[in-house]
Structures are given as structure tokens and as C-alpha cells.
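The analysis underlying the following values was restricted to heavy atoms, covering all of them including side chains, and did not include hydrogens, waters or symmetry mates. A note on names: the letters A, B, ... follow the listed sequences, proteins ahead of strands, and every chain is numbered from 1.
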Amino acid sequence: MSAMISRPKGTEDRLPAETGKWLQVEKVLRDISERFNYREIRTPIFEHTELFTRTVGETTDIVEKEMYTFKDRAGRSLTLRPEGTAPVGRAYIENGLHSGPQPVKVYYIGPMFRYEKPQAGRYREFVQYGAELLGSSSPLCDAEVIFLAIEICNTLGLTETTLHLNSIGCPGCREGYRKALTEYLGAREADLCDDCRRRLGRNPLRVLDCKNETCRAILAGAPSMFDYLCAGCKEHFETLGKLLTGMGMTYRIDPSLVRGLDYYTRTVFEVKWPPLGAQDAILGGGRYDGLVEALGGPSVPGVGFAIGLERLLMAVEKGKNPPQGWERLDCFVCYVDDALACGALEIANRLRAAGVRADFDQLGRSLKAQMKQASRYEARYAVLLGPEEAARGVATVRSMDEGWQREVRLERMEEEMLSLRQR
RNA sequence: GUGGAUGUAGCUCAGUCGGCUAGAGCGCCAGGUUGUGGCCCUGGAGGUCGGGGGUUCAAGUCCCCUCAUUCACCCCA
């Protein structure tokens with residue numbers, strides 16, 4: 001045997017035993033999205049690197065150290081997408097969706113890639129579901145998108161979630177706040193942790209969510225973003241709050257919620273599910289009014305969020321109605337000697353054509369072993385085909401659950417299995 | 001990038017103070033029943049003890065290095 005090749009760090013094989021659960025969760029996501037009138041969009045897995053450096057931000061962790069960037073054979077710099085919003089913005093412009101009816105409401109499900117050190121709930125290849133609403137700056141949209149997110153969680157049985165909400169203002173008022181914060185922190189620079197001293201020069205807002213104790217103490221007296229919000233941003237935030245409350249939703253205003261992507265404006269939010277442990281944010285999102293323009297399109301606002309499906313699935317499995325993810329086989333066709341293998345294949349194929357989930361032995365095993373296999377597939381029924389029955393044009397149908405068995409004419413087999421399956 | 005934990009059969013794990021040919025349960029294959037699954041019984045296959053080096057008469061066990069996995073920090077989904 002040659003040396004074994006293992007999967008790359010931070011990736012996962014999804015085996016048949018679990019893909020059923022994924023399909024179930026994905027189906028819920030699609031159904032709810034369509035009900036909210038979001039349509040699926042599929043964009044490339046890789047994009048020009050600049051798409052992300054321009055929108056996500058040069059100083060963010062994602063761009064600084066987490067991107068899978070490579071040169072193709074023609075020397076172009078490409079990047080495996082680390083997130084889904086910028087590609088949607090690009091596609092929106094490139095396909096002229098801004099010239100069609102607004103708003104544009106889309107969702108996606110697909111793999112994202114970030115070069116991080118893996119741990120529980122964090123992978124280098126992970127799957128995100130995302131919903132994006134472009135073309136309106138109304139807080140109604142923020143509210144709808146957040147409601148959609150919570151609706152997904154509730155439908156999947158995740159009721160103990162907490163919604164964290166904040167406003168980071170527009171570029172205008174954020175600049176004022178940034179100055180004030182930089183000034184305040186600059187005066188206390190010596191007491192900040194190493195990380196925060198570095199952040200101070202590059203991206204001072206990031207100091208806000210530092211967990212270091214002394215940094216937190218310093219931040220307690222720091223100026224608050226809320227005092228610097230312009231009239232428009234303030235009104236937007238307050239209206240959103242009223243809308244959420246009106247929909248019966250509870251949320252926590254969390255001034256430390258900053259989010260690690262530069263394109264966010266005004267609303268940012270996160271939904272956490274504490275039982276998950278360290279990586280307990282199952283979804284996050286916000287408003288991005290400058291994104292489309294930054295990509296060379298018209299000035300079009302947008303708002304959206306993304307769910308990490310691995311985390312969502314971990315939570316759902318710990319939650320109230322975990323997906324079972326395995327469907328029983330309807331019928332396993334057994335044959336008594338090799339000469340009848342062809343007959344078994346024919347019966348199985350006829351059942352399949354009739355819509356019955358059917359299989360038969362392909363290893364030439366003993367009848368006993370075939371029955372065992374039928375058990376392993378959790379088949380509801382076994383069909384036994386022996387020489388005597390074959391000669392008489394019948395086969396034995398056995399209920400694997402109840403143990404009874406009876407003869408059925410071969411030409412009636414589809415009909416019989418279909419009606420048995422109804423029970 | 002930093003720190004901790006763990007690497008023994010397909011899976012979950014025992015393996016004492018360094019000492020025979022490295023074990024169990026589950027799973028897999030076969031037989032017990034020449035045409036019948038689950039339960040039970042019997043047998044079988046399956047291991048470079050992550051890899052490399054060192055100490056020793058002797059290493060799964062001790063030491064060093066390395067790789068991988070995992071958890072946490074950072075950050076995020």
C-alpha cells in the first residue's frame with residue numbers, strides 16, 4: 001500500500017450517515033427563504049482577490065491572514081471566497097440587477113474558506129447559508145432580515161438563542177467616533193494589551209471587543225458610539241428597535257459588537273447559542289450601505305446575514321428536534337441461488353421504476369447474509385426469490401418488522417410494495 | 001500565530017514498576033440452521049502501537065524531535 005493521503009487540515013468528510021441531516025437542514029433553509037421571497041443565487045467559489053480586499057478591508061483578520069489566495073496560470077490573483085456578501089454585491093452589479101425591480105432578495109448555500117487554526121465549530125472549509133436584501137435602506141429590511149434569521153433558528157428548534165444588536169454608524173459619524181475613541185485610548189495606550197496597541201493605529205474599533213481585563217476596564221470609561229451617531233443613524237437604529245419589539249422579539253444592545261468586516265454600516269447583529277461553547281455565534285450580519293458603490297456600482301444599500309451551517313447543525317443536534325437523517329429502505333430483494341440474481345435485479349429495477357426504494361445483494365452472498373444485509377438497511381420488507389417460486393411466477397414478501405410473509409405474483413410486485421409502503 | 005491535551009485494530013478504548021507471540025467491546029466475514037434478519041453460541045480476518053531518533057540486555061511504556069488530531073486564546077460563522 002502506498003502512503004496514505006489524509007484530508008487537509010480543517011476540512012471534513014461528510015459521510016452518508018450524516019448527509020441526510022444536512023439535506024434536512026438545507027431544506028428548511030430553502031423553504032423558509034422562499035417563503036420570505038428570497039431566491040437562490042450561486043456565485044463562483046473563487047473570485048478576484050481584490051473583491052475581498054476592497055470590501056472586507058485590508059486591516060481585517062480575514063484579509064490579513066486568512067485568505068486562500070493563489071495565482072492562476074495567467075498570473076491573476078484569485079482567492080477562495082472567505083465570505084458570501086461581497087460576491088453577491090459583485091454579481092448584483094455585474095448582471096445589472098440594480099436596473100431591475102428592487103429590492104433584490106437572494107440567498108445562497110455554499111462553502112467558504114478561511115485559513116484559520118481549527119477548533120470546535122471552526123473549520124478552514126465551512127458552509128454558510130446567507131440571505132441578502134439589496135436596494136433599500138429602510139429599517140424594515142433590517143427587521144425582516146433579522147426576523148428571517150430568528151425564524152430559521154426557531155423552526156430548527158433553537159429557541160434559547162440570544163440576539164445581540166448594535167449600530168456602528170455610517171462612515172460620517174463613525175469617523176467622529178473613531179477620532180474620539182483613538183484620542184481616549186491613545187492617552188491610555190501604555191496600559192492596553194499588545195494586541196490593542198496594534199489595533200489602535202489600524203482599526204481602533206476592534207479594541208472594543210477585546211476580552212483582556214485591563215482593556216475592558218479602560219473601555220468602561222470610553223466614549224460610546226451612541227453619542228456619536230448622526231441623526232439619520234440614530235433614527236434608523238431606534239426605528240429598528242421598535243420594529244423588533246413590535247414583532248415580539250427580544251434583543252440585547254451590545255456596544256462591544258463590532259464585527260470583523262469593514263463593509264458594515266449602521267446595523268450589526270449576531271445570534272448566539274451559548275451551549276455551543278467558545279464558538280457560539282451561529283449567525284451574524286448587518287447593513288452594508290457602501291458595499292455596492294465600493295465595487296464600482298451605483299450607491300445601493302443592502303443588509304443581510306450568514307449562518308455557519310456546521311455550528312447550526314451542532315446546535316440543532318443538541319436542541320429539541322434533532323434531524324434523524326436516515327431513511328429506511330423499502331425493499332431488499334434476496335435470491336436463493338446465483339442463477340436467480342438476474343431475476344432479483346429485474347424485480348429491484350421494476351420496484352425502483354415504480355418509485356420504491358429498493359436494492360438487492362451484489363456480493364453473491366448466502367441467503368442468510370442477504371437477510372442480514374436487509375436488516376442493516378432497515379428494510380421494511382424483504383422479497384425472497386427461490387427456484388420453486390420463480391417457476392410459479394411468484395416471490396415471497398416478508399415483513400422485516402412484523403415477521404409475517406406471503407407469496408405475491410411477480411407481475412403484481414410493484415403494486416403490492418406500493419400499497420404495503422402506505423401502511 | 002500562541003498555549004494545553006491526546007495519538008494502540010474500521011470505531012471506542014485497556015495495556016501495571018520497561019519484560020513472553022499486543023488485548024477487550026462494538027463492527028466486519030463465515031459457521032451453528034444445505035431457503036430466512038434481529039437474540040444467542042463458535043470461529044476468522046484485521047495492528048509499522050502516528051513517524052524518526054535516543055537510552056536499555058529489553059521500549060506501546062522512559063527521553064528528544066517531528067507530524068497529526070483536538071480544545072482554548074485571537075478572531076469569527
Side-chain angles (χ1 to χ4, degrees), chain A residues 1 3-12 15 17 56 59-66 82-85 109-130 149 193-196 198-199 203 206 209-212 215 257-261 268-273 276-285 305-315 329 332 334-337 340 361 363 365-390 395-405:
Chain A
M1 232 182 13
M4 193 180 92
I5 298 173
S6 59
R7 64 182 190 274
K9 188 194 279 281
T11 64
E12 283 195 319
L15 302 176
V56 173
T59 63
T60 58
D61 279 6
I62 291 180
V63 169
E64 269 186 349
K65 50 192 189 194
E66 294 176 3
E83 62 98 39
T85 303
I109 298 176
M112 306 293 164
F113 305 85
R114 292 184 199 171
Y115 191 90
E116 293 190 88
K117 195 149 176 179
Q119 71 184 72
R122 177 196 283 160
Y123 308 93
R124 288 185 170 180
E125 180 188 28
F126 58 103
V127 178
Q128 276 190 342
Y129 158 93
C193 69
D194 294 350
D195 284 339
C196 285
R198 193 159 356 99
R199 289 171 181 141
N203 202 341
R206 298 284 291 288
D209 65 355
C210 182
K211 274 97 188 168
N212 181 291
C215 292
L257 180 56
V258 178
R259 318 239 66 232
L261 295 81
V268 291
F269 63 95
E270 244 173 52
V271 170
K272 296 187 177 191
W273 200 68
L276 273 188
Q279 310 299 326
D280 63 350
I282 59 180
L283 68 90
F305 68 95
I307 305 178
L309 291 208
E310 287 82 2
R311 290 181 191 177
L312 182 67
L313 234 88
M314 281 194 280
L329 186 69
F332 193 83
C334 305
Y335 49 98
V336 173
D337 65 65
L340 293 165
D361 174 66
L363 290 179
R365 293 195 275 202
S366 70
L367 181 63
K368 176 177 173 159
Q370 293 181 51
M371 290 296 288
K372 203 170 173 178
Q373 186 72 350
S375 279
R376 268 192 289 245
Y377 285 136
E378 293 176 49
R380 290 171 211 280
Y381 299 96
V383 167
L384 286 93
L385 187 62
E388 301 147 20
E389 288 110 316
T396 300
V397 171
R398 175 183 175 87
S399 163
M400 298 297 282
D401 293 338
E402 296 162 24
W404 55 257
Q405 52 188 53

Exercise. Is A:Leu283 touching bases, backbone alone, or none of the nucleic acid, heavy atoms closer than 4.0 Å?
Worked result: sugar-phosphate

Exercise. Could one point to a donor on the side chain of A:Gln370 or the base of B:U36 with an acceptor on the other under 3.5 Å away?
Worked result: no

For this session: Please report, rounded to the nearest Å, how far the P atom of B:C41 is from the NZ atom of A:Lys368.
Result: 13 Å

Exercise. If you measure from the P atom in B:A45 to the same atom in B:G37, how many Å do you get, rounded?
Worked result: 25 Å

Problem set entry | Euclidean distance, atom CD of residue A:Glu388 to atom P of B:U36 [Å, nearest integer] | 12 Å

Problem set entry | Residue-phosphate contact under 4.0 Å: A:Arg365 side-chain N/O, B:G31 OP1/OP2 | no

For this session: Pick the P atom in B:U69 and in B:C62, then give their distance to the nearest Å.
Result: 24 Å

For this session: Begin from the C-alpha positions of A:Leu309 and A:Ile109 and carry the test side chain to side chain contact (heavy atoms under 4.5 Å, CB included) through to its verdict.
Result: CA-CA 9 Å; A:Leu309 291 208; A:Ile109 298 176; 4.1 Å; yes

Exercise. Taking for each residue the nucleotide of RNA chain B with the nearest heavy atom, is it A:Leu261 or A:Val336 whose nucleotide lies nearer the 5' end?
Worked result: A:Val336

Exercise. Counting distance only, does the side-chain N/O of A:Gln370 pair as donor-acceptor with the main-chain N or O of A:Arg365 below 3.5 Å?
Worked result: yes

Problem set entry | Between B:U42 and B:U6 - P atom distance, rounded Å | 37 Å

Problem set entry | Worked verdict on A:Val383 versus A:Phe332 for side chain to side chain contact (heavy atoms under 4.5 Å, CB included) | CA-CA 6 Å; A:Val383 167; A:Phe332 193 83; over 6 Å; no

Exercise. Do A:Thr396 and A:Glu389 have side-chain N/O donor and acceptor atoms under 3.5 Å apart?
Worked result: yes

Exercise. Rounding to a whole Å, what distance do you find between A:Tyr123:OH and B:C71:C1'?
Worked result: 12 Å

Exercise. Between B:G35 atom P and A:Lys372 atom NZ, what is the distance in whole Å?
Worked result: 18 Å

Seminar exercise, completed: Whole-Å distance, A:Leu15 CG to B:C11 P, equals 11 Å

Problem set entry | Nucleotide nearest A:Ala278 (side chain, heavy atoms from C-beta), chosen from B:C73, B:G32, B:G38 | B:C73

Exercise. Quick one: does A:Glu402's side chain have a donor or acceptor within less than 3.5 Å of a partner on A:Trp404's backbone?
Worked result: no

Exercise. Taking the side chain from A:Glu270 and the backbone from A:Gly285, do they hold a donor-acceptor pair closer than 3.5 Å?
Worked result: no

Problem set entry | Check: A:Thr11 main-chain N/O paired with A:Arg7 side-chain donor or acceptor under 3.5 Å | yes

Problem set entry | Whole-Å gap separating C1' (B:C28) and OH (A:Tyr377) | 14 Å

For this session: Counting heavy atoms from C-beta on, name the nucleotide in B:G35, B:A30, B:C76 closest to the side chain of A:Arg114.
Result: B:C76

Exercise. Using 4.0 Å as the upper bound for N to carboxylate O, is an ion pair formed by A:Arg122 and A:Glu116?
Worked result: yes

Problem set entry | Whole-Å P distance, B:G52 and B:C13 | 25 Å

Exercise. Base, sugar-phosphate alone, or nothing: which one does A:Gln279 contact when heavy atoms must sit under 4.0 Å apart?
Worked result: base

Problem set entry | Separation of the P atoms in B:A72 and B:C39, to the nearest angstrom | 37 Å

Exercise. Looking across every strand, which nucleic acid part, if any, lies under 4.0 Å from A:Glu64 by heavy atom: base, sugar-phosphate, or nothing?
Worked result: nothing

For this session: Calculate, to the nearest 0.5 Å, the distance between atoms CG and CG belonging to A:Leu384 and A:Leu367 respectively.
Result: 5.5 Å

Problem set entry | B:C74 base / A:Gln119 side chain donor-acceptor hit below 3.5 Å | yes

For this session: Would you sketch RNA chain B in dot-bracket for me? Only Watson-Crick or G-U wobble pairs with both distances under 3.5 Å count, crossing pairs as [ ], other-strand pairs as |, the rest as dots.
Result: (((((((..((((.....[...)))).(((((.......))))).....(((((..]....))))))))))))....

Mind listing the N/O atom pairs, protein and nucleotides 1-8 of chain B, below 3.5 Å?
from, atom 1, to, atom 2, distance (Å)
B:U2, O4, A:Lys117, NZ, 2.9

For this session: Any chance you could measure A:Met314, atom CE, to A:Asp280, atom CG, to the nearest 0.5 Å?
Result: 10.5 Å

Exercise. With a 4.0 Å cut-off on heavy atoms, is A:Ala120 in touch with a base, just the backbone sugar-phosphate, or nothing at all?
Worked result: sugar-phosphate

Exercise. B:G37 P sits how many Å from A:Asp361 CG, rounded?
Worked result: 15 Å

For this session: Record whether the side chain of A:Glu378 comes under 3.5 Å of the base of B:G38 through a donor-acceptor pair of N or O atoms.
Result: no

For this session: Find the distance A:Phe332:CZ to B:G38:C1' and express it as a whole number of Å.
Result: 15 Å

Problem set entry | Under-4.0 Å side-chain N/O to phosphate OP1/OP2 contact, A:Lys9 with B:U69 | yes

Problem set entry | Pairwise 5' ranking along RNA chain B for A:Arg311 and A:Ser6, keeping only the more 5' one | A:Ser6

Exercise. Between B:C28 and B:C73, how far is it from one P atom to the other, in whole Å?
Worked result: 40 Å

Exercise. Is a donor-acceptor pair below 3.5 Å formed from side chain A:Ser375 to base B:G38, judging by atom type as modelled?
Worked result: no

Exercise. How close do A:Leu340 and A:Pro387 get, heavy atom to heavy atom, and via which atoms?
Worked result: CD1-N, 3.5 Å

Exercise. Between A:Arg398 and B:G35, is there a side-chain N or O to OP1/OP2 distance below 4.0 Å?
Worked result: no

Exercise. When you compare B:A24 with B:G15, how far apart are their P atoms, in angstrom units rounded to a whole number?
Worked result: 15 Å

Exercise. Do the numbers put A:Arg114 on top of the ring of A:Phe126, so that NZ or CZ is under 6.0 Å from the six-membered ring centre and no more than 45° off the axis?
Worked result: no

Exercise. What integer number of Å spans the P atoms of B:U2 and B:U66?
Worked result: 12 Å

